[in-house]
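Reading through the structure tokens given below for one structure.
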Amino acid sequence: QVQLVESGGGLVQAGGSLRLSCAASERTFSSRNMGWFRQAPGKEREFVAAINWRGLNTYYEDSVKDRFTISRDNAKNMVFLQMNTLKPEDTAAYYCALDLRSRYGDNLGRERKDYDYWGQGTQVTVSS
């Protein structure tokens, strides 16, 4: 059973930064693509960013482009989301996700159905 555990969320003022981390138990982590999603109260879970297995290809949702950076450390089975210039509309629970079917593939999933395993989420609250 794959386990994903997010950390790093919290309360921050607008304009501030946070770095989210996600630790994966999957032994084949280094060959799988990873993604970050977020869900605000009353809204659907939406795509934020994705990274391929090697960490060389990334993709971002338009509203976070140039503010957020996704990265990974395959030696530590971890993926990160550096969030800068945070805005109140970034307030949400943030989830990391693993695409088990992506083995050494470079197609980055942007929908919930593209991912097979999810973490429990970490809350990010941005005050104005």
Side-chain angles (χ1 to χ4, degrees):
Q1 181 72 13
V2 176
Q3 289 188 326
L4 302 174
V5 180
E6 301 97 337
S7 61
L11 173 64
V12 64
Q13 288 188 331
S17 298
L18 282 174
R19 187 189 193 216
L20 305 184
S21 300
C22 173
S25 67
E26 171 58 30
R27 61 180 178 83
T28 62
F29 171 85
S30 61
S31 65
R32 314 297 181 182
N33 298 341
M34 296 292 294
W36 283 97
F37 286 71
R38 66 186 179 186
Q39 187 167 15
K43 294 189 176 181
E44 294 289 317
R45 191 171 298 187
E46 65 175 7
F47 171 79
V48 174
I51 189 167
N52 78 330
W53 59 278
R54 292 179 290 182
L56 297 182
N57 295 340
T58 58
Y59 187 81
Y60 298 91
E61 192 267 329
D62 285 346
S63 71
V64 307
K65 204 174 297 183
D66 299 327
R67 298 189 298 122
F68 291 9
T69 302
I70 188 171
S71 61
R72 65 189 297 160
D73 184 340
N74 285 344
K76 296 182 179 179
N77 273 27
M78 295 192 72
V79 64
F80 308 97
L81 186 67
Q82 177 67 44
M83 306 186 296
N84 298 329
T85 319
L86 282 160
K87 304 176 181 180
E89 51 263 45
D90 294 319
T91 295
Y94 283 71
Y95 300 87
C96 69
L98 182 145
D99 179 357
L100 195 63
R101 294 162 282 174
S102 64
R103 188 170 182 268
Y104 297 119
D106 288 324
N107 291 325
L108 296 178
R110 305 167 193 177
E111 299 182 24
R112 292 182 64 176
K113 65 179 178 62
D114 297 325
Y115 294 86
D116 305 286
Y117 292 96
W118 297 81
Q120 83 290 348
T122 186
Q123 179 67 35
V124 172
T125 302
V126 184
S127 63
S128 57

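If you take CH2 on W53 and OG on S31, they are separated by 8.0 Å, rounding to the nearest 0.5 Å. Atom CD1 in I70 sits 9.5 Å away from atom SG in C96 (nearest 0.5 Å). The structure places CD of E44 at 10.0 Å from CD of E46, a figure rounded to the nearest 0.5 Å.
The two residues A14 and P88 come nearest to each other via the heavy atoms CB-CD, 4.1 Å. Considering all non-hydrogen atoms of both residues, N52 and R72 come closest at O-NH1, 3.0 Å. Annotation for A40 and A92: closest pair N-CB, 3.8 Å, computed over non-hydrogen atoms. Annotation for N84 and S17: closest pair OD1-OG, 2.9 Å, computed over non-hydrogen atoms. Of all heavy-atom pairs spanning N57 and L108, the tightest one is O-CD1, 3.8 Å.
In summary, the aromatic rings of F68 and W36 are positioned with their centroids too far apart to meet the 6.0 Å limit.
Side-chain atoms of D73 never come within 3.5 Å of backbone atoms of M78 as a donor-acceptor pair (strictly under, hydrogens ignored). Looking only at distances, no side-chain donor or acceptor of T122 sits under 3.5 Å from a matching main-chain atom of S7. A donor-acceptor contact shorter than 3.5 Å is absent between the side chain of R110 and the backbone of E61. Judged by distance alone, the side chain of Y115 and the main-chain N or O of G109 form a donor-acceptor pair under 3.5 Å. Of the possible polar contacts, none joining the R32 side chain to the L98 backbone as a donor-acceptor pair under 3.5 Å is found. Of the possible polar contacts, one joining the N33 side chain to the N107 backbone as a donor-acceptor pair under 3.5 Å is found. For the pair N77 (side chain) and E26 (backbone), a donor-acceptor distance under 3.5 Å is present. A donor-acceptor contact shorter than 3.5 Å is absent between the side chain of N74 and the backbone of R54.
A salt bridge does not link R101 with D114: every distance from a Lys NZ or Arg NE/NH1/NH2 to an Asp or Glu carboxylate oxygen is 4.0 Å or more. K87 and D90 are not joined by a salt bridge, as no carboxylate oxygen comes within less than 4.0 angstrom of a charged side-chain nitrogen.
Summarising the local packing, NZ of K76 is surrounded by 12 or fewer heavy atoms from other residues, nucleotides or ligands at distances under 6.0 Å.
For the pair R67 and Y60, the cation-pi test (distance below 6.0 Å, angle within 45°) is failed. Taking the ring axis of F37 as reference, the NZ or CZ atom of R112 does not stay both within 45° of it and closer than 6.0 Å to the ring centre.
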Between L20 and M83, does a side-chain contact (heavy atoms from CB on, under 4.5 Å) hold up when you go through it step by step?
CA-CA 8 Å; L20 305 184; M83 306 186 296; 3.7 Å; yes
T91 vs V124, test: side-chain contact (heavy atoms from CB on, under 4.5 Å). Steps then yes/no.
CA-CA 5 Å; T91 295; V124 172; 5.9 Å; no
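A side chain to side chain donor-acceptor pair (under 3.5 Å) with Y94 holds for exactly one of R38, E6, Q123; it is R38.
Linking Ile, Leu, Val, Met, Phe, Trp and Tyr whenever their side-chain heavy atoms come within less than 4.5 Å leaves Y59 and I51 in two separate clusters. Residues M34 and Y95 do not share a hydrophobic cluster, defined by chaining ILVMFWY side chains whose heavy atoms lie under 4.5 Å apart.
Looking at heavy atoms from C-beta onward, T69 lies out of side-chain contact with L81 at the 4.5 angstrom threshold.
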